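Below is one structure, written out as structure tokens; comments come after it.
This is a predicted model, so every value here is computed, not measured. So you know, we letter chains A, B, ... as the sequences are listed, proteins then strands, and number each from 1.
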Number of protein chains: 2
Amino acid sequence: MQRDITETVKVFALGGIGEIGKNMYVVEVGQDLFVLDAGLKFPEQEMYGIDLVIPDISYLEKNADRIVGIFITHGHEDHIGAVPYVLKKLPNVTFYVNKLTRSLLLEKLSEQGIKHFNHVVIYDETSSFQFNEASISFFRTTHSIPDSFGFTIHTNQGAIVYTGDFKFDQSKSPYPGADIGKLAVIGDKGVLCLLSDSTNAERQGYSGSEKKVAEEISKEVQNAKGRVIIACFSSNIYRIQQVIDACAQNERKLAVVGASMVKMIEIAKELNYIHIPEDLVISIVDTDNYKESDIVILTTGTQGEPMAALSRIAKGTHKQVSIRKGDTVIMAATPIPGNEMLVSSSVNLLFKAGANVIYGYKKVHVSGHGYDEELKLMLQLMKPKYFIPVHGEFRMQKAHGHIAEEVGISKSNIFIIDKGDSIAFKNKLAIPSERVEVGNILIDGIGIGDVGNIVLRDRKLLSKDGILVVVVTFSKQRKSIISGPEIITRGFVYVRESEKLISKSTDIVKEITERILENDQIEWTLLKNSIRDGLNAYLYEETKRRPMILPILMEI
Amino acid sequence: MQRDITETVKVFALGGIGEIGKNMYVVEVGQDLFVLDAGLKFPEQEMYGIDLVIPDISYLEKNADRIVGIFITHGHEDHIGAVPYVLKKLPNVTFYVNKLTRSLLLEKLSEQGIKHFNHVVIYDETSSFQFNEASISFFRTTHSIPDSFGFTIHTNQGAIVYTGDFKFDQSKSPYPGADIGKLAVIGDKGVLCLLSDSTNAERQGYSGSEKKVAEEISKEVQNAKGRVIIACFSSNIYRIQQVIDACAQNERKLAVVGASMVKMIEIAKELNYIHIPEDLVISIVDTDNYKESDIVILTTGTQGEPMAALSRIAKGTHKQVSIRKGDTVIMAATPIPGNEMLVSSSVNLLFKAGANVIYGYKKVHVSGHGYDEELKLMLQLMKPKYFIPVHGEFRMQKAHGHIAEEVGISKSNIFIIDKGDSIAFKNKLAIPSERVEVGNILIDGIGIGDVGNIVLRDRKLLSKDGILVVVVTFSKQRKSIISGPEIITRGFVYVRESEKLISKSTDIVKEITERILENDQIEWTLLKNSIRDGLNAYLYEETKRRPMILPILMEI
């Protein structure tokens, strides 16, 4: 359906800049809402006790009937993680996913007890869907998980292209990836605005080829004298295939450890995405029936996650695997920002346990996100009039903006948009448009969004100097203390060595309470505040600590 | 005094591997104890509320009369930070320090209200001190602070050499650094055991020259159109001089912001360690009397420390400086492991505020610790029989061990020692010796070592899901509840939206209490545990959270 060219096209973000992983973009074409990805973010250091952070979709809830679909580029957490929560709020929306992503989503949903995932359409690079005001088509990209796609939304203002995550890898791969010819055709037809992955915009050159990694892993397996333990992301199916190939080449058996890795191999096998020679895989309990030099163990835990198999192996708390002298451990991934210390501690523990650890600065990993030369190639292929760097932190998007300028896009046509910012296109011209109201949704346990700033502030206070609870039971009639003051502390001082501190505190509370009880009218707030202030001053003087002080008054 | 060659020499560590910064080594020559450095470590993520971690010196306290001195290599926190605490426990021990370190220590001690620092001897490269069983002499090293030294302890078994932190920088420098000829002489006379800095053992090649950094900073200042804000470590006096020189070369005025930077410049000027042209420095309040292109602001905060000047400037909370469009910010340091996220967030905020930020991947910083080729040079110069890699994490010490093997030291002569491990030398042969009992001392506020595992565990629990306090006042005589149950939560749920949860919890406690009060004998522990278990089950079912539950029973 061709409409008047003045129809407005609007692009905005529901995930914020620097909120890595909370990927969710919206392209609004007249009445049609195209939602792109539904990722989640792991909590920041100051978000005490929070499990996950997801995009605030209240705008989508209000406009649920206008959503033509939620389109998912690929199966990584930072693009699918929020789906279970989105599904609860938008049960009737249709998800457009590719084959592998569908399997991963089904698995994820069933883990959370969600059985109904009916409104699902599978797309591939040949698909195209027409809606009221625009259509969408798909192109393959190369990334660290198979079935990664980008989208072209064809509007009457021109095409809006969203790359999803991508790199370029010209070496032969067992998985279909970016088709440069097809990308060039999209660009030749004209792109109004490109939204492109900025994750590695600060890195110069090329991200490197998976083929080199495959060679390096095989070489390390060949050189190892004892067992080889390889850890990688369970979603990195190509890496898993490399490990399988390395086992076959070096006539070693493969044992898989870790629930998510086992599950992923199952899914990938079902979809024919990995190929395992017969008799190659053995159970971990059978590894001791072989020579150590005949064994490879594949597992997860490259990020030092406390519960992951490799972390438990490093700490010596894994039930089935413990490090032996002569083991070679390969960490086939680099730390995600924020995980550096956890990873470092894992590596140290593995070394201490006697393993030879191959990590980081060797060549057993390449990034799934393109470096600046790859980003330039995408920009050259797409030749967009306008450019919005997406994904990654602000500084990376800023760097991506500079790259776009180098490629020839004028500075005034480059927009960095934060959560809620929107760019409107009218008569094929871009204008910053009104903001969309959007916040953060914190997930703690079952609660979605019920933990706010007050709760977080209290958790932070509690984590610093603990809490001191003081209870006084008094009779209003008799104007006297009946029981207490009773003081209980947690996380403040070591109680057995602080008897004097506690007994002096008790005296202070008693004195304050009795003084205020003498008044005609007993003001509870005054009494509570006086107790809090009195204790706070005394305790800070004595310890230079400020525990949370909780006076509880019981009246009988 | 020459003794029988069978006198034992023992080397051990009081700071642990991977406890970066907690540098403290002991060389025991017969009765003489040489203590090398007294550093501190910043707390790990799981050490809630802890301010600092220092070495456990109980071994030194027990053997105080045998300590010939505490020898400090240079003035960085990870080598001097524990001095105020050590001084409290060992008031009569003599400190051997160089000129700059003395000034820095005096400043540090006066900040903590410690006035007495009398037992101090100043050394330089010409000094030598003879004790009962051994003597010590000193050699200069090149590092990111002037007055960095290494030590040679001359024993009748041979020389023990401790490098402190070092790199090599062959370019001309305003500060005296490593004298390769002198190092070669030490090596030629024979070194029994070398303890050498492993911090950058994983990095290949050379750390690079300060001279290049100077050129780069000057170039950036020259290219900047507006103000330039440069942040570096306040202890990096050479870097400060570079900024001063860049100002002079580019005819800009310099304003200094941040208490520690102002103080350091004062100290360095007093010692004649920096040279500032007249009229170059102006007050920050006067900067607005100049064109923006005539101003450089020097400050601290390269690690994203929340209270440092640059962090506050980035957040827009600094009283005197706020970012303007056109400002150039130079971060002349790289993140210390663990600070990556803080630094990243600072950079993002600075970009968002409109600054052009030059950081990390540009050439405005070089490390003060030598890379593998520099470590090889030290090993070649010293030609030690035995080698103990020190400083840095286990994996870095492991890498340093491999480097030593490459240089030709036999694997069996390389020892990685953790906190408490000791190596004894007898008849010039090394043998692992009995461990020294040594732990960790945590500092929280005034308390030194009074926060232990229980307190930390409680803080961790509190930080996750908060606390629920439930108070019941009851009469033992009447076997009934007189007041309550009263439930108060902090950091658990948002109370206004959780009325049902709290009132149901109150019912549960009431029901449990009344049931148990019916018993002939009221068992407090049983009652408390029953309340805790009952609430725990209910709350987890409803929220999937496990707050700390604190039942308080008041009896009248």
Side-chain angles (χ1 to χ4, degrees), chain A residues 17-18 44-45 48-49 202-203 337-338 340-341 344-345 347-348 351-352 357 360-361 393-395 398 444-447 450-452 454-456 458-467 469 471 473 482-484 486 488 490-494 497-498 542-545 548 550 552 554-556, chain B residues 17-18 44-45 48-49 202-203 337-338 340-341 344-345 347-348 351-352 357 360-361 393-395 398 444-447 450-452 454-456 458-467 469 471 473 482-484 486 488 490-494 497-498 542-545 548 550 552 554-556:
Chain A
I17 300 175
E44 292 159 25
Q45 235 168 14
Y48 294 92
E202 295 177 329
R203 300 202 187 168
E340 292 87 352
M341 295 302 273
S344 185
S345 139
V347 172
N348 284 325
F351 265 125
K352 279 193 191 173
V357 192
Y361 68 106
E393 297 178 46
F394 190 83
R395 58 195 174 89
K398 197 86 189 169
D444 178 8
I446 291 178
D450 68 331
V451 169
I454 299 172
V455 172
L456 285 186
D458 283 349
R459 287 183 186 171
K460 181 176 176 175
L461 282 175
L462 289 166
S463 77
K464 276 197 165 161
D465 288 327
I467 189 167
V469 182
V471 188
T473 305
I482 305 287
S483 182
E486 180 94 24
I488 290 134
R490 286 290 185 279
F492 169 44
V493 289
Y494 186 49
E497 288 172 2
S498 313
E542 288 291 314
T543 65
K544 288 279 178 293
R545 293 175 205 168
M548 183 184 281
L550 209 60
I552 303 178
M554 304 288 283
E555 190 191 327
I556 59 167
Chain B
I17 300 175
E44 291 159 26
Q45 237 169 12
Y48 295 90
E202 295 176 327
R203 300 201 188 170
E340 292 86 352
M341 295 301 274
S344 184
S345 139
V347 172
N348 284 324
F351 265 126
K352 278 192 194 175
V357 192
Y361 66 107
E393 297 178 46
F394 189 84
R395 57 196 174 90
K398 198 85 188 167
D444 179 8
I446 292 178
D450 67 330
V451 169
I454 298 171
V455 173
L456 284 186
D458 283 350
R459 287 182 186 170
K460 182 175 175 174
L461 282 176
L462 288 167
S463 78
K464 275 199 168 161
D465 288 327
I467 189 167
V469 181
V471 189
T473 305
I482 305 286
S483 183
E486 181 95 22
I488 291 135
R490 286 289 185 277
F492 168 44
V493 287
Y494 186 50
E497 287 171 4
S498 312
E542 289 291 313
T543 65
K544 288 277 178 294
R545 294 176 203 167
M548 183 185 282
L550 209 60
I552 304 178
M554 304 289 281
E555 189 190 328
I556 60 166

Could you give the distance from CE (A:M341) to CE (B:M341), rounded to the nearest 0.5 Å?
-> 13.5 Å

Measure distances from A:L456 to the heavy atoms of chain B and classify the residue's part below 4.5 Å as side chain, backbone, both or neither.
-> neither

Between chain B and each of A:V471, A:V357, A:V347, count heavy-atom pairs under 4.5 Å; write down the option with the most.
-> A:V471

Could you state the interatomic distance from CZ (A:R490) to CE (B:M548), rounded to the nearest 0.5 Å?
-> 6.0 Å

Any idea which heavy atoms bring B:F394 and A:K352 closest together, and the distance?
-> CE2-N, 3.4 Å

B:L550 portion near chain A, given a 4.5 angstrom heavy-atom threshold = side chain

To the nearest 0.5 Å, how far apart are CD1 in B:I552 and CD1 in A:I488?
-> 3.5 Å

Look up atom CZ in B:R395 and atom CG in A:N348, then write down how far apart they are to the nearest 0.5 Å.
-> 6.0 Å

Spatial distance of atom OG1 (A:T473) from atom CD (B:E555) [nearest 0.5 Å] | 11.0 Å

Using non-hydrogen atoms only, which part of B:V469 is less than 4.5 Å away from chain A: side chain, backbone, both, or neither?
-> side chain

So, the part of B:I454 with a heavy atom under 4.5 Å from chain A: the answer is side chain

Reported NZ-to-CZ distance for the pair A:K464 and B:R459, which is rounded to 0.5 angstrom = 11.0 Å

Per-residue tally against chain B (heavy atom, under 4.5 Å) across A:S463, A:S345, A:G466 peaks at A:S463

Closest-packed option against chain B by number of heavy-atom pairs under 4.5 Å, given A:I482, A:L461, A:L462, A:I556 = A:L462

Count the heavy-atom pairs under 4.5 Å between each of B:M554, B:E486, B:K460 and chain A, then report the option with the highest count.
-> B:M554

